[in-house]
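Notes to accompany the following structure.
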2 protein chains.
Amino acid sequence: MAYADQYIDKLRKSGLRPTKQRIKICEVLFDAEKTFHFTIKELVKIIENQANIKVSLATVYNTVHAFMKKGYLKEIPLNASQSYYDTNVTHHHHFFDEEENKLIDIHQDDVDEVNIKRTIPGKKIKSVEVIAKIVSDNQSQK
Amino acid sequence: MAYADQYIDKLRKSGLRPTKQRIKICEVLFDAEKTFHFTIKELVKIIENQANIKVSLATVYNTVHAFMKKGYLKEIPLNASQSYYDTNVTHHHHFFDEEENKLIDIHQDDVDEVNIKRTIPGKKIKSVEVIAKIVSDNQSQK
DNA sequence: TAATACATTATATTAATTCTAAACTGTTGA
DNA sequence: TCAACAGTTTAGAATTAATATAATGTATTA
Ligand SMILES: [Mn+2]
Ligand SMILES: [Mn+2]
Ligand SMILES: [Zn+2]
Ligand SMILES: [Zn+2]
């Protein structure tokens, strides 16, 4: 609860009322040591485990969408049937481990600037994301 | 119907029985001048329009999955609520037009090799895909 | 052509997400 | 301070992509 005030400020500045549900979700998402990736289902589970309050599924969806709109969360394009979200909102890329269904960050510095030698008339590039799918390296089978 | 024989061969070689539904779907997907991207919903609509036969939704799903397994189609990772498929199965990248919800191919030659300076122990990279989101360029507002 | 394995279909089911509308709460200004 | 209001939460319903089911139909093979 130590960081609650900071989240109250953050929410107020965004024009979002600091309700106890939103503060709790902030704690779960932004208190963490490291940024992380999550699905809605996973987020609900984390809240259930570490929260003293109950937050409805609808509120979790509402809040995640509100935070995305404010730029506090990013949605990660994956061909899954569910959305993945990222608390790391800096520009970066991803490995996607197809066996464990887990995203792993690749810092921008670890990928040479992606140079696209093609343009679409009347359009500009808003973002460029690289997704590298990875699987177990079983070349060790001599 | 001219290419039907070719598809019959293709299907037979894949161990798929050449049914009239599958041949029709082949025609829709592979007769086209150019490769293209589609959702299941769109594919169903195309079939409805140009086919003399009815193909059930279940068969469309089954067939698309069978073709993916055989490498005749690729699934494109997008943060949409539905899957996009690609009849271009060569290695290439995409623009995604967020305003028109359309994918545009970027040939491999038009993107410098993506060099990822990071590895995950025990894992190897299976594929690397770039998605560049594009929006209208309204800088012309002087 | 009969037997069989494979395929199609209508329909039911699942599951992520969104919607609804009633109850609740944070904010504001008198 | 507190009533009024706008914004928020909630349970549950609705929506929708995708998958499963199981009965019927068809391509293949001998
Ligand atoms: Mn969304
Ligand atoms: Mn699929
Ligand atoms: Zn990330
Ligand atoms: Zn493509």
Side-chain angles (χ1 to χ4, degrees), chain A residues 4-5 7-28 37-48 51-70 72-73 75-85 101, chain B residues 4-5 7-28 37-48 51-70 72-73 75-85 101:
Chain A
D5 287 353
Y7 298 131
I8 291 173
D9 277 357
K10 179 171 183 160
L11 289 165
R12 279 230 177 81
K13 280 177 190 150
S14 312
L16 297 171
R17 288 185 180 170
T19 63
K20 60 185 196 299
Q21 292 85 349
R22 284 177 179 159
I23 293 165
K24 169 49 72 182
I25 294 173
C26 278
E27 286 173 12
V28 167
H37 307 98
F38 64 92
T39 63
I40 295 290
K41 215 206 246 174
E42 288 165 355
L43 179 55
V44 166
K45 200 157 287 174
I46 297 171
I47 294 167
E48 267 175 12
N52 27 353
I53 63 167
K54 179 178 186 302
V55 180
S56 76
L57 186 60
T59 295
V60 174
Y61 272 103
N62 289 342
T63 304
V64 164
H65 280 130
F67 286 1
M68 274 208 293
K69 205 165 177 181
K70 295 299 173 185
Y72 303 153
L73 290 175
E75 202 167 3
I76 306 298
L78 275 186
N79 68 338
S81 51
Q82 65 196 334
S83 282
Y84 280 71
Y85 301 92
N101 256 257
Chain B
D5 288 351
Y7 298 131
I8 291 173
D9 277 358
K10 181 170 183 161
L11 290 166
R12 280 231 174 80
K13 279 177 192 153
S14 312
L16 298 170
R17 287 184 181 172
T19 63
K20 59 185 195 299
Q21 292 87 347
R22 284 177 178 158
I23 292 165
K24 170 48 73 182
I25 294 173
C26 277
E27 285 172 15
V28 168
H37 308 99
F38 64 92
T39 62
I40 294 289
K41 216 205 244 177
E42 288 165 355
L43 180 54
V44 166
K45 199 157 286 171
I46 298 170
I47 294 167
E48 267 175 12
N52 27 353
I53 63 166
K54 178 175 187 305
V55 180
S56 76
L57 186 60
T59 295
V60 174
Y61 272 103
N62 288 342
T63 305
V64 165
H65 280 129
F67 286 0
M68 274 207 293
K69 203 165 177 181
K70 295 298 173 186
Y72 302 155
L73 291 176
E75 202 166 5
I76 306 298
L78 274 187
N79 69 338
S81 51
Q82 65 195 332
S83 281
Y84 280 71
Y85 299 92
N101 256 257

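Proteins come first, then strands; the chains are lettered A, B, ... in the order of their sequence lines, and each starts at number 1. Just so we're clear, the structure is a prediction, and the values are computed from it rather than from any experiment.
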Restricting to non-hydrogen atoms, name the atom on A:V28 and the atom on A:L43 that form the minimum distance, rounded to 0.1 Å.
CG1-CD1, 3.7 Å

A:K20 has an atom NZ; how far is it from atom P of C:dG26, in whole Å?
7 Å

For D:dT9, does OP1 or OP2 lie under 4.0 Å from any side-chain N or O of A:R22?
yes

Value in whole Å for how far the C1' atom of D:dT8 lies from NZ of A:K24
19 Å

Under 4.0 Å from OP1 or OP2 of C:dT27: is there any side-chain N or O of A:R12 that close?
yes

Tell me whether the OP1 or OP2 atom of D:dT9 has a side-chain N or O from A:T19 closer than 4.0 Å.
yes

For atom CZ of B:R17 and atom C1' of C:dC6, their distance in whole Å:
4 Å

Can you tell me how far P of C:dC6 sits from CD1 of B:I23, to the nearest Å?
19 Å

Is there a side-chain contact between B:S83 and the phosphate of D:dA17, meaning an N or O under 4.0 Å from OP1 or OP2?
no

Listed in order of residue number, which residues of residues 53-61 of chain B have a non-hydrogen atom at under 4.0 Å from DNA chain C?
B:K54, B:V55, B:S56, B:A58, B:T59

Between P of D:dA17 and CG of B:N62, the distance in whole Å
17 Å

Could you tell me whether the phosphate oxygens of D:dT10, OP1 or OP2, come under 4.0 Å of any side-chain nitrogen or oxygen in A:Q21?
yes

B:L16 CG to C:dT8 P: how many Å, rounded?
9 Å

Could you give the CD-to-P distance, from B:Q82 to D:dT16, as a whole number of Å?
11 Å

Would you tabulate the side-chain donor-acceptor contacts of residues 8-21 of chain B under 3.5 Å, counting partners in other chains and residues two or more places apart, or write 'none'?
residue	atom	partner	partner atom	Å
B:S14	OG	B:K10	O	2.8
B:S14	OG	B:Y72	OH	2.5
B:T19	OG1	B:R22	N	3.2

Reckon A:H65 has a side-chain N or O less than 4.0 Å from the OP1 or OP2 of C:dT17?
no

